[in-house]
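Presented below is the structure to which this report refers.
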Amino acid sequence: MSQNITVLGLESSCDDTAAAVVRRKDGTDAEVLSSIVWGQEGLHAAFGGVVPEIAARAHAERLDLCVEQALEQAGLTLTDVDAIAVTAGPGLIGGVISGVMCAKGLSIGSGKPLVGVNHLAGHALTPRMTDGVEYPYLMLLVSGGHCQFLGVHGPDQFTRMGGTIDDAPGEAFDKTAKLLGLGYPGGPLIEEEAKKGDPKRFRFPRPLLDRPDLDMSFSGLKTALRRARDTLIAEKGGLTVQDRADLCASFQQAVADTLAEKTRRACVAFGKPVETPVLAVAGGVAANSLIRSALQDVAANEGFQFLAPPLKYCTDNGAMIAWAGLERFAGGERDDLTLSARPRWPLDKAAAPMLGSGKKGAKA
Ligand code: KG4
Ligand code: ZN
């Protein structure tokens with residue numbers, strides 16, 4: 001298609017209120033004209049995790065201003081965009097409804113077409129927006145709400161090769177941080193503590209490595225850490241600074257080892273449809289240096305090109321939704337006012353549903 005397409009994208013499925021404008025020029029490169037993300041960490045910090053009702057209200061209050069800013073920063077008005085894309089699931093339902101209702105209002109007011117986007121597709125298609133990666137490629141999504149391996153074959157063609165059967169890794173980091181009296185979000189705080197700790201002091205489980213498939217489990221790891229913490233407290237009456245650092249380092253190592261081995265197997269299972277396939281990562285946990293370098297090593301050993309989009313597009317943002325909407329729109333797809341918000345929406349329609357639902361929302 002040789003024309004410019006410009007899409008406004010809205011995201012509100014978890015704890016980030018986001019809007020962005022993305023343009024694709026002449027069917028080739030993407031340009032992010034603006035990307036506004038208003039995090040809600042401050043609203044949820046005291047609870048050690050996202051409180052769905054608080055999140056939904058905050059989204060409803062801020063979305064229209066966020067859109068206004070995104071358009072302003074892009075130097076455009078609604079009349080200049082070709083379509084309005086919005087996360088229609090999966091996620092915390094109150095937040096998703098806020099986004100979908102806002103997008104419908106904008107669509108009615110402007111007469112611009114509406115395109116519903118699967119949040120996971122937004123993450124999964126990001127490497128195409130940031131690096132122009134060609135289909136097919138392998139994607140590991142590791143965030144506070146998601147953890148899965150995806151074969152990405154087209155804008156609406158995904159194969160879920162495996163994923164967590166309980167907590168997502170980011171959720172495990174957050175819960176562990178809470179157990180150790182650290183703040184929220186837990187990932188960066190645990191990473192910081194772990195720098196001073198001994199990763200070998202506690203031998204935490206590497207769950208499901210005995211199973212040949214690509215499924216993972218992270219909730220047992222958090223329980224093992226709680227036991228180790230309680231034993232130390234029972235023995236010594238409390239935790240020393242070194243104990244805490246060692247617990248963090250050992251926990252982080254267990255997550256990194258588990259993700260690395262399952263990723264190695266995912267590379268083998270994905271095979272070599274092209275000479276050097278891409279292994280891409282997305283999600284906040286991909287910010288962790290130990291995990292990132294473990295995945296980089298796996299990719300190098302398996303003959304894959306490792307790709308981690310800039311962090312601002314790895315974590316929740318509106319640009320990835322605008323881009324995923326743009327790909328759908330360019331393929332002739334549209335939604336109408338019957339578009340509904342879906343708490344659960346597996347990307348791979350053929351895959352068996354995953355078990356459980358984390359505190360940060362439905363996983364797939
Ligand atoms: O992708 P994201 O911003 O939001 C969603 O969950 O969709 O990811 C946030 C998660 C949180 O659970 C946070 O603790 C984790 O990513 N995280 C990290 C690090 N930075 C953020 N986990 C481990 N190490 C980090 N450096
Ligand atoms: Zn996400």
Side-chain angles (χ1 to χ4, degrees), residues 9-18 35 37-41 44-45 47-50 52 55 87-92 95-96 99 117-126 139-148 150 163-164 167-180 182-195 218-219 221-222 248-249 251-256 258-259 280-295 308-321 323-324 345 347 357-364:
L10 276 63
E11 156 61 31
S12 57
S13 65
C14 190
D15 60 348
D16 291 301
T17 311
S35 180
V37 181
W38 289 346
Q40 301 180 357
E41 279 90 356
H44 305 289
F47 304 96
V50 180
T87 301
L92 300 175
V96 180
V117 168
N118 183 310
H119 178 86
L120 301 173
H123 280 302
L125 298 176
T126 300
M139 155 72 63
L140 167 62
L141 195 52
V142 268
S143 71
H146 322 291
C147 181
Q148 51 187 288
L150 290 166
T164 184
D167 290 354
E171 194 176 356
F173 269 96
D174 294 338
K175 287 177 177 171
T176 296
K178 199 172 172 186
L179 286 172
L180 295 176
L182 300 167
Y184 173 84
L189 299 164
I190 290 191
E191 181 170 17
E192 200 49 39
E193 285 287 316
K195 285 182 188 154
F218 293 98
S219 72
L221 194 51
K222 169 201 68 204
C248 286
F251 167 83
Q252 183 179 255
Q253 191 65 53
V255 177
T258 307
L259 283 171
V281 290
V285 179
N288 185 287
S289 341
L290 182 76
I291 293 173
R292 192 182 272 243
S293 73
L295 297 176
L311 200 61
K312 62 182 173 182
Y313 300 131
C314 265
T315 55
D316 288 352
N317 66 90
M320 69 179 192
I321 302 304
W323 173 259
W345 185 1
L347 268 184
S357 170
K359 138 168 94 176
K360 294 192 84 177
K363 294 183 179 75

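What's counted below: heavy atoms across the whole structure, side chains too, no hydrogens, waters or symmetry copies. Numbering of ligands and ligand atoms starts at 1, following listing order. The chain is numbered in sequence order, starting from 1.
The line from SG of Cys248 to CD of Glu192 is 10.5 Å long, rounded to the nearest 0.5 Å. To the nearest 0.5 Å, atom CH2 of residue Trp323 and atom CG of residue Asn317 are 13.5 Å apart. Here Tyr184 contributes atom OH and Asp15 contributes atom CG; the two are 4.5 Å apart, rounded to the nearest 0.5 Å.
The minimum heavy-atom distance between Asp167 and Lys222, with the atom names listed, is OD2-NZ, 3.3 Å.
Between Gly170 and ligand 1, a contact under 3.5 Å exists for at least one N or O pair. Residue Asp316 has at least one nitrogen or oxygen atom sitting less than 3.5 Å from a nitrogen or oxygen atom of ligand 1, judged on distance alone. Ligand 1 has an N or O atom lying under 3.5 Å from an N or O atom of Gly187, backbone or side chain. For a threshold of 3.5 Å applied to N or O pairs, the pair formed by His146 and ligand 1 contains no separation below that value. Below 3.5 Å of separation, one finds an N or O of Asn288 facing an N or O of ligand 1.
Gln148 pairs in a side chain to side chain contact (heavy atoms under 4.5 Å, CB included) with only one of the listed residues (Val142, Leu120, Thr164, Leu140), which is Leu120. Of the listed residues (Val117, Leu10, Asn118, Leu125), just one forms a side chain to side chain contact (heavy atoms under 4.5 Å, CB included) with Ile321, and that residue is Val117.
Atoms of ligand 1 found under 4.0 Å from any heavy atom of Gly283 (numbered from 1 in listed order, with element): 1 (O). Within ligand 1, the atoms closer than 4.0 Å to a non-hydrogen atom of Ser143 are 1 (O), 5 (C), 6 (O), 7 (O), 8 (O), numbered from 1 in the order shown. In summary, the atoms of ligand 1 found under 4.0 Å from a heavy atom of Gly144, numbered by their order in the structure, are 5 (C), 6 (O), 8 (O), 9 (C), 10 (C), 12 (O). Close contacts of ligand 1 with Glu191, meaning ligand atoms under 4.0 Å from a residue heavy atom, involve 25 (C), 26 (N). In the vicinity of Gly145, heavy-atom distances shorter than 4.0 Å reach the ligand 1 atoms 6 (O).
Side-chain contact between Phe218 and Leu259 is present, with heavy atoms from C-beta onward closer than 4.5 Å. Side-chain contact between Thr17 and Gln40 is present, with heavy atoms from C-beta onward closer than 4.5 Å.
For His123, the nearest N, O or S atom to the Zn ion (ligand 2) falls under 2.8 Å.
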Between Glu171 and Lys175, does the salt bridge (charged side-chain N to carboxylate O under 4.0 Å, His left out) criterion hold? Intermediate values first, please. CA-CA 6 Å; Glu171 194 176 356; Lys175 287 177 177 171; 3.5 Å; yes

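Under 4.0 angstrom from ligand 1, the non-hydrogen atoms of Asp174 all belong to its side chain.
Summary: OD1 is the N/O/S atom of Asp316 found nearest to the Zn ion (ligand 2).
Distances shorter than 4.0 angstrom occur between a heavy atom of Gly186 and an atom of ligand 1.
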